[in-house]
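Note that the numbering runs from 1 along the sequence shown for the chain. All values below come from the heavy atoms of this structure, side chains included, with hydrogens, waters and symmetry mates left out.
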Amino acid sequence: MTDQPAPVPTRRRANTRARILDAAAAVFAEKGLNGATVDDLVSAAGYTRGAFYSNFSTKEDVFYALYEKQSALMVGLVRDAVQAGDPDEFDLAGLGAILEALRPHARIWYLLQTEAQLHSMRTPDSGTRFQEQSAGFEGEIAEILVDVLGRLGRRPTVSSVQLADVLTSLYIRGLAREALAGGPAPTGSAFVEATLPAVLLGLSTPVLSPGAHRG
């Protein structure tokens with residue numbers, strides 16, 4: 001007897017799963033992974049525990065599914081912001097527009113990222129899952145960075161994944177400072193105007209003649 005393929009989730013089940021994930025973002029942002037309960041999640045989503053367990057096994061499953069979804073959203077926003085501009089007109093000032101496209105979702109992503117890091121350190125069994133998701137995220141960001149540098153007539157002098165790791169870490173640090181300050185920094189912050197361009201230029205080299213560089 002051959003194994004039968006797993007049934008494709010119905011639209012209703014997919015909608016239920018999506019609503020639970022959407023509601024979980026606010027719950028985990030407020031209470032953290034350890035503080036949140038399954039009851040918190042189903043209450044926020046307006047479902048029963050039965051609906052929860054038909055889609056997820058544990059609250060950790062919800063958390064990592066949400067983290068993956070949010071990371072994909074951030075990657076999509078960066079990619080869309082880069083591709084929206086004319087490649088021949090792209091310059092360092094365009095990086096500010098990319099970061100601003102992320103800003104409405106940045107706080108939730110920062111909190112989820114921090115929670116995931118702490119949980120993976122405290123719970124070794126979850127470390128592999130977090131590392132795999134982080135590697136996927138950084139790999140996609142690395143591809144975008146190669147595109148960005150190509151538009152600037154440059155190429156990285158370190159691996160693109162290393163560059164993605166550095167810039168992501170700087171961005172997360174900037175989000176932490178904003179959170180501690182009680183609100184977002186104004187558009188055109190020092191990070192956008194100085195730090196990010198300096199890191200990109202410092203870890204890359206021109207591939208065009210000096211006169212052709214637009215940065």
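In summary, of the residues considered (T37, V42, D40), a side chain to side chain contact (heavy atoms under 4.5 Å, CB included) with V27 occurs for D40 alone.
Each of M121 and F137 belongs to its own hydrophobic cluster when Ile, Leu, Val, Met, Phe, Trp and Tyr are linked at side-chain heavy-atom distances under 4.5 angstrom. Residues L102 and V148 are members of one and the same hydrophobic cluster, defined by side-chain heavy-atom contacts under 4.5 angstrom among Ile, Leu, Val, Met, Phe, Trp and Tyr. L77 and L170 fall within the same hydrophobic cluster, where Ile, Leu, Val, Met, Phe, Trp and Tyr residues are linked whenever their side-chain heavy atoms come under 4.5 Å apart, directly or through other members. When hydrophobic clusters are built by joining Ile, Leu, Val, Met, Phe, Trp and Tyr residues whose side-chain heavy atoms come closer than 4.5 Å, directly or via intermediates, V207 is not grouped with V146.
Atom CZ of R13 sits about 12.5 Å away from atom CG of N15, to the nearest 0.5 Å. The CD atom of Q131 lies 11.0 Å from the CD atom of Q117; values are rounded to the nearest 0.5 Å.
Nearest heavy-atom pair, R154 versus L201, reported as atom, atom and distance to 0.1 Å: NH2-O, 3.2 Å. Between R155 and L149, the closest heavy-atom pair is C-CD1, 4.2 Å. Annotation for I141 and A164: closest pair CG2-CB, 3.8 Å, computed over non-hydrogen atoms. Here the closest non-hydrogen pair linking L21 and L66 is O-CD1, 3.5 Å. Among all heavy-atom pairs drawn from R151 and Q83, the shortest one is NH2-CA, 4.0 Å. Residues Y171 and A106 approach most closely at OH-CB, 3.5 Å, considering heavy atoms.
Put simply, the side chain of T168 never gets that close to the backbone of D165: no donor and acceptor are under 3.5 Å apart. Formation of a donor-acceptor pair under 3.5 Å by the D147 side chain with backbone atoms of E143 is not found in this model. The main-chain N or O of D39 is never found under 3.5 Å from a side-chain atom of K59 such that the two would form a donor-acceptor pair. A distance-only check finds a donor-acceptor pair linking the side chain of E115 to the backbone of L33 [under 3.5 Å].
Atom CD of E60 sits in a crowded spot, with more than 12 heavy atoms from other residues, nucleotides or ligands closer than 6.0 Å.
The closest side-chain heavy-atom distance from Q113 to Y67 is below 4.5 Å. Taking 4.5 Å as the limit, some side-chain heavy atom of K69 sits within range of a side-chain heavy atom of D22. Two residues are said to be in side-chain contact when any heavy atoms from C-beta on lie closer than 4.5 Å; F28 and V62 meet this criterion. When side chains are defined from C-beta on, L203 does not count as touching Q162, because their heavy atoms never get closer than 4.5 Å. Side-chain contact between H119 and Y64 is present, with at least one heavy-atom pair separated by less than 4.5 Å.
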Using the rule given for side chain to side chain contact (heavy atoms under 4.5 Å, CB included), can you reason through R19 versus Y47, listing the C-alpha separation, both sets of side-chain angles and the distance that settles it, and then say yes or no?
CA-CA 9 Å; R19 281 182 56 182; Y47 286 116; 3.2 Å; yes
Decide yes or no on side chain to side chain contact (heavy atoms under 4.5 Å, CB included) for F63 and L112, but give the supporting numbers first.
CA-CA 8 Å; F63 178 83; L112 292 176; 3.6 Å; yes
Carefully, step by step, assess L200 and L163 under the rule side chain to side chain contact (heavy atoms under 4.5 Å, CB included).
CA-CA 8 Å; L200 271 180; L163 182 57; 4.2 Å; yes
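Under the side-chain contact (heavy atoms from CB on, under 4.5 Å) criterion, E140 pairs with V75, R79, sequence neighbours left out. Remark: L111 engages A29, R107 in a side-chain contact (heavy atoms from CB on, under 4.5 Å) (not counting sequence neighbours). The ring-ring contact (aromatic ring centres under 6.0 Å, His included) check on F52 picks up F56, with sequence neighbours excluded.
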